[in-house]
Amino acid sequence: MGKRVALVLAGCGVFDGSEIHEASAALVHLSRGGAEVKIFAPNIEQRDVVNHLKGSPAEEKRNVLVESARLARGNIQDLAELKASEFDAVIFPGGFGVAKNLCSWAVDGKNCTVNEHVNSTLQAFHSAKKPIGLCCISPVLAAKVFPGCEVTVGQDKNVDGRFPDAETASAITELGCKHICKNVNESHVDTANKIVTTCAFMCKAPLHEIFDGIGTMVQEVLKLA
């Protein structure tokens with residue numbers, strides 16, 4: 001019987017929701033791994049809406065659950081309904097929606113607050129010693145909720161211009177966590193906390209390398225489950 005995995009989304013679109021390629025990659029690798037997946041998102045208003053063609057703010061309001069339903073092909077539930085007891089693992093794709101909707105990292109950095117349902121979900125899986133997978137900017141959720149944990153968002157220096165957000169690693173360290181430098185096609189496993197992270201689009205890399213890196217994260221999550 002396949003592992004039961006919850007996938008948590010933050011909207012639809014890199015600049016104000018979940019990164020679509022990351023969410024899709026996670027779903028493909030989970031499918032290949034024989035996992036049974038259910039998708040969730042918080043039923044809240046987005047912090048902002050971005051016109052992805054122009055890269056500028058749009059004067060409208062959108063709901064995180066409603067927008068995430070686009071990625072889930074309509075098969076999605078309110079995050080408030082997620083019960084850790086019904087799953088073997090949970091995975092959070094990245095995208096600015098994580099830093100805007102699931103927490104306030106985009107505005108407050110290491111002083112951010114985490115959405116109550118996101119926080120309770122992370123705490124529930126952690127307490128049950130069930131694995132948590134995070135990619136791109138999502139590892140900051142673990143850094144905020146679990147002081148002392150180990151995560152990666154890629155490199156801590158902007159190597160060859162490929163890691164423009166390398167300062168995120170320093171913020172993670174300031175939270176009392178350990179940042180582990182990894183390449184885009186790798187993931188890091190914090191065995192003590194059962195947290196698996198990979199940098200994905202935190203690195204400027206070809207899509208297939210990002211896809212492969214997310215694959216290593218999913219594989220490690222399924223092994224831990």
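Numbers for residues simply follow the sequence, beginning at 1.
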*Say you draw a straight line from CG of Leu224 to CD1 of Ile195; how long is it, rounded to the nearest 0.5 Å?*
10.5 Å

_Any donor-acceptor N/O pair, Glu209 side chain to Pro206 backbone, under 3.5 Å_ = no

*asked:* Is there a continuous path of hydrophobic side-chain contacts, each under 4.5 Å between heavy atoms, that joins Trp105 to Ile44?
replied: no

*asked:* Return the SG to CD1 distance between Cys199 and Ile210, rounded to the nearest 0.5 Å.
replied: 7.5 Å

*Taking the six-membered ring for Trp and the full ring for Phe, Tyr or His, determine whether the centres of His21 and Phe211 are under 6.0 Å apart.*
no

*What closest approach, in Å, do Gly94 and Glu22 show between heavy atoms, and which atom pair accounts for it?*
N-OE1, 2.7 Å

*Which atom pair, heavy atoms only, marks the closest approach of Pro147 to Leu175?*
CB-O, 4.2 Å

*Applying the 4.5 Å side-chain criterion to the ILVMFWY set and letting contacts propagate, would Ile132 and Val140 be lumped into a single cluster?*
yes

_Nearest 0.5 angstrom please: Leu141 CG to Leu134 CG, how far?_
6.5 Å

*Between the main-chain N or O of Thr197 and the side-chain N or O of Thr152, is there a donor-acceptor pair closer than 3.5 Å?*
no

*Can you check side-chain contact (heavy atoms from CB on, under 4.5 Å) on Thr168 and Ile137, steps first, answer last?*
CA-CA 8 Å; Thr168 304; Ile137 192 63; 4.0 Å; yes

*asked:* Please report the interatomic distance CZ(Arg162) to NZ(Lys204), rounded to the nearest 0.5 Å.
replied: 11.0 Å

*If only atom types and distance count, is the side chain of Asp156 paired as donor or acceptor with the main-chain N or O of Ala169 below 3.5 Å?*
no

_Nearest heavy-atom neighbours spanning Val153 and Cys136_ = CG1-O, 3.6 Å

*Nearest heavy-atom pair of Ala6 and Leu82: which atoms, and what distance?*
CB-CD1, 3.7 Å

*Answer yes or no: is there a side-chain heavy-atom contact under 4.5 Å between Cys112 and Lys144?*
yes

_What's the separation between atom CD1 in Ile20 and atom CG in Leu9, rounded to the nearest 0.5 Å?_
10.5 Å

*Taking atom CG of Leu71 and atom CG of Leu27, what is their separation to the nearest 0.5 Å?*
8.0 Å

*Of all heavy-atom pairs between Leu65 and Ala41, which one has the smallest distance, and what is that distance?*
CD1-O, 3.6 Å

*Could you pull out the closest heavy-atom pair between Ala200 and Cys135, with the gap in Å?*
CB-CB, 4.2 Å

*Apply side-chain contact (heavy atoms from CB on, under 4.5 Å) to Asp16 and His52, showing your working.*
CA-CA 9 Å; Asp16 58 12; His52 281 58; 3.4 Å; yes

*Do Thr216 and Asn185 come within less than 4.5 Å of each other through their side chains, counting heavy atoms only?*
no

*Any side-chain heavy atom of Leu102 sitting closer than 4.5 Å to one from Pro42?*
yes

*Taking Lys3 for the side chain and Ala89 for the main chain, is one N or O donor matched with an acceptor at less than 3.5 Å?*
no

*Distance-only, no hydrogens or angles: does the Lys61 side chain make a donor-acceptor pair with backbone N or O of Glu45 under 3.5 Å?*
no

_In the structure I gave you, are the side-chain heavy atoms of Phe125 and Lys194 within less than 4.5 Å of one another anywhere?_
no

*Do Val8 and Met217 belong together in a cluster built from hydrophobic side chains that touch within less than 4.5 Å?*
no

*asked:* Surrounding CZ of Arg70 (heavy atoms of other residues, nucleotides or ligands, distance under 6.0 Å), is the total greater than 12?
replied: no

*Do side-chain atoms of Arg4 reach the backbone of Glu86 as a donor and acceptor pair under 3.5 angstrom?*
yes

*Linking I/L/V/M/F/W/Y whenever their side-chain heavy atoms sit closer than 4.5 Å, directly or via other members, would Phe201 and Val218 fall into one cluster?*
yes

*Can you tell which of Val107, Val50, Val64 makes a side-chain contact (heavy atoms from CB on, under 4.5 Å) with Lys100?*
Val50

*Give the cluster check for Leu53 versus Phe15: same hydrophobic cluster or not, with ILVMFWY residues linked at side-chain heavy-atom distances below 4.5 Å.*
no

*Would you say His126 and Asn193 make side-chain contact, with heavy atoms under 4.5 Å?*
yes

*Does Ser127 use its side chain to pair, donor to acceptor, with the backbone of Ala124 at less than 3.5 Å?*
no

_Donor-acceptor pair between Asn43 and Asn63 side chains, under 3.5 angstrom_ = yes

*Would you check if the side chain of Asn115 reaches a backbone N or O of Cys103 as a donor-acceptor pair within less than 3.5 Å?*
no

*Phe146 side chain near Leu122 side chain, heavy-atom distance below 4.5 Å*: yes

*Quick one: are Val118 and Phe92 in side-chain contact, heavy atoms under 4.5 Å?*
yes

*Any side-chain heavy atom of Thr198 sitting closer than 4.5 Å to one from Glu220?*
no

*Is the CZ atom of Phe40 crowded by more than 12 outside heavy atoms at less than 6.0 Å?*
yes

_Taking side-chain hydrogen bond (donor to acceptor under 3.5 Å, both in side chains) as the criterion, tell me which of Lys182, Lys178, Glu150, His179 meets it with His188._
Glu150

*Given side-chain contact (heavy atoms from CB on, under 4.5 Å), test Phe87 with Lys130 step by step and report yes or no.*
CA-CA 8 Å; Phe87 295 91; Lys130 294 180 178 181; 5.6 Å; no

*Report the C-alpha separation of Ser104 and Arg47 in whole Å, then their side-chain angles, then the decisive distance to 0.1 Å, and conclude whether the side-chain contact (heavy atoms from CB on, under 4.5 Å) test is met.*
CA-CA 9 Å; Ser104 63; Arg47 177 174 289 273; 3.5 Å; yes

